[in-house]
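Accompanying notes for the structure given below.
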Amino acid sequence: MRIATWNVNSVRARLARLEAWLAEARPDVVLLQETKCQDEQFPREPLEELGYQIASFGQKTYNGVAILARQRIEGVELGLGDERFDAEARVISAQVGEYLVASVYAINGQEVGQPRYHDKLAWYASLRARLAERFPLSEKVVIGGDLNVTRDDLDVYDPRAWHEKILCSTSERAALGAVLELGYADGLRHFHPAGGVYTWWDFRTRAFERGNKGLRIDYLLLSPPALATCNAVEVDLDARRGAKPSDHAPVVATLA
DNA sequence: ATGGTGGCGAGGCCA
């Protein structure tokens, strides 16, 4: 069983890359973020032809999350159950076989201290409450997403440049830490404890091409039973190379 | 401090 998370930065703009990646990597479950389209615009047919069922929670222009799975997707739930945030399509969850999975796209926050930064911290508290209420840690839970926070400086190519900047501030890291403290393992860090493994590289500074000047802001969070069956978590850097990539690379967990 | 690129959708917003 392989479960992946990938911020594709528009599922329509990325369709050819997504199709090629699915055909080659053949993950069993894919948790997508930033699909950037309404559900009726979601390119279902070409992905169904590759053998995937689809559950999507989209909106016009921004955000959007989805679950692709090679087996039945059941019990789909949308949002956090929090009216302050559910106008934005940022969370979808479902049962896929023995796994309870969620695809999560955290608020970016724009800049430390800005209104959206405070929204982000409030959103994180809501996410934590939702997980505590609806995601039993005794189950095999896998939460994948662009969480838009580095866990610590091991996730930052240049910690001095990013010190207390957006994605790296102490309060954001504490908000993510409070989610992990529910009892989730940080899958990628678990298998790469030394850090230096990144998942996002800024287009604007050509941060990938200039030499892996990235951050790790994408996660696979594993409940204890999921961690117990997990053999590896890796970043697929090939998906960040070549023509028309997303600015994020997929993260893939291999589970027994 | 600013701007750099990319996506959406048709000018500016967001990342």
Side-chain angles (χ1 to χ4, degrees), chain A residues 5-21 31-44 46-47 56-66 84-91 103-124 127 144-151 155-158 160-169 171-173 175-176 198-219 235 237-251:
Chain A
T5 184
W6 193 9
N7 179 324
V8 289
N9 190 3
S10 171
V11 69
R12 292 177 295 168
R14 214 64 56 214
L15 182 58
R17 290 298 301 257
L18 177 59
E19 289 178 289
W21 185 74
L31 306 165
L32 298 175
Q33 300 89 39
E34 281 210 90
T35 54
K36 290 188 171 178
C37 66
Q38 298 174 92
D39 293 331
E40 55 268 33
Q41 301 173 302
F42 197 99
R44 300 182 68 91
L47 302 177
S56 71
F57 178 29
Q59 66 178 93
K60 191 176 162 66
T61 309
Y62 300 122
N63 311 315
V65 285
R84 294 175 298 165
F85 300 116
D86 286 341
E88 297 186 353
R90 296 186 177 276
V91 178
S103 179
V104 176
Y105 177 50
I107 291 174
N108 171 284
Q110 290 188 332
E111 209 175 316
V112 174
Q114 292 295 308
R116 285 299 273 170
Y117 177 79
H118 297 291
D119 289 347
K120 181 180 193 174
L121 299 178
W123 179 91
Y124 255 97
L127 174 67
D146 174 0
L147 299 184
N148 265 321
V149 180
T150 55
R151 190 165 167 203
D155 292 338
V156 185
Y157 75 95
D158 186 350
R160 190 176 300 178
W162 284 87
H163 180 69
E164 294 297 339
K165 300 283 197 245
I166 196 67
L167 312 179
C168 300
S169 71
S171 294
E172 290 167 274
R173 289 174 174 177
L176 172 62
Y198 310 129
T199 65
W200 172 81
W201 301 261
D202 198 336
F203 282 137
R204 290 172 288 190
T205 56
R206 307 211 172 277
F208 188 81
E209 296 81 351
R210 287 192 303 116
N212 195 28
K213 299 183 183 305
L215 303 180
R216 183 178 73 113
I217 55 178
D218 300 273
Y219 290 80
V235 178
L237 292 176
D238 282 338
R240 185 63 178 79
R241 301 187 171 104
K244 271 185 84 71
S246 171
D247 45 352
H248 297 252
V251 184

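Proteins come first, then strands; the chains are lettered A, B, ... in the order of their sequence lines, and each starts at number 1. It should be emphasised that the depicted structure is a prediction, and the values quoted were computed from it without experimental measurement. What you see below is based on every heavy atom in this structure, not just the backbone, and it leaves out hydrogens, waters and symmetry mates.
- Looking at heavy atoms from C-beta onward, A:Asn212 lies out of side-chain contact with A:Tyr157 at the 4.5 angstrom threshold.
- Going from the P atom of B:dC13 to that of B:dG3 covers 15 Å, rounded to whole Å.
- Of all the heavy atoms in A:Trp162 and A:Cys168, the pair that sits closest is O-CB, 3.4 Å.
- On the P atoms, B:dT2 is 26 Å away from B:dG7, given to the nearest whole Å.
- Separating the CD atom of A:Glu111 from the C1' atom of B:dA1 is a distance of 11 Å, rounded to the nearest angstrom.
- Here the options are A:Asp218, A:Asp146, A:Asp155, A:Thr5, the test is side-chain hydrogen bond (donor to acceptor under 3.5 Å, both in side chains), and the partner is A:Thr199; only A:Asp218 passes.
- Between the C1' atom of B:dG4 and the CD atom of A:Glu209 lies a distance of 12 Å, rounded to the nearest Å.
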Return a single string for nucleotides 7-15 of chain B, one symbol per nucleotide in 5' to 3' order, where B is base contact, S is sugar-phosphate-only contact and - is none, cutoff 4.0 angstrom on heavy atoms. SSS---BSB

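- Separating the P atom of B:dA1 from that of B:dG6 is a span of 25 Å, rounded to the nearest Å.
- Applying the salt bridge (charged side-chain N to carboxylate O under 4.0 Å, His left out) definition to pairs two or more places apart or across chains, those involving residues 105-124 of chain A are A:Glu88-A:Arg116, A:Arg116-A:Asp119, A:Lys120-A:Glu172.
- When the C1' atom is compared between B:dC14 and B:dG9, the two are found 13 Å apart, to the nearest whole Å.
- Ring orientation note: the planes of A:Trp200 and A:His248 are tilted relative to one another, at an angle of 30° to 60°.
- Between A:Val91 and A:Val65 there is no side-chain heavy-atom pair separated by less than 4.5 Å.
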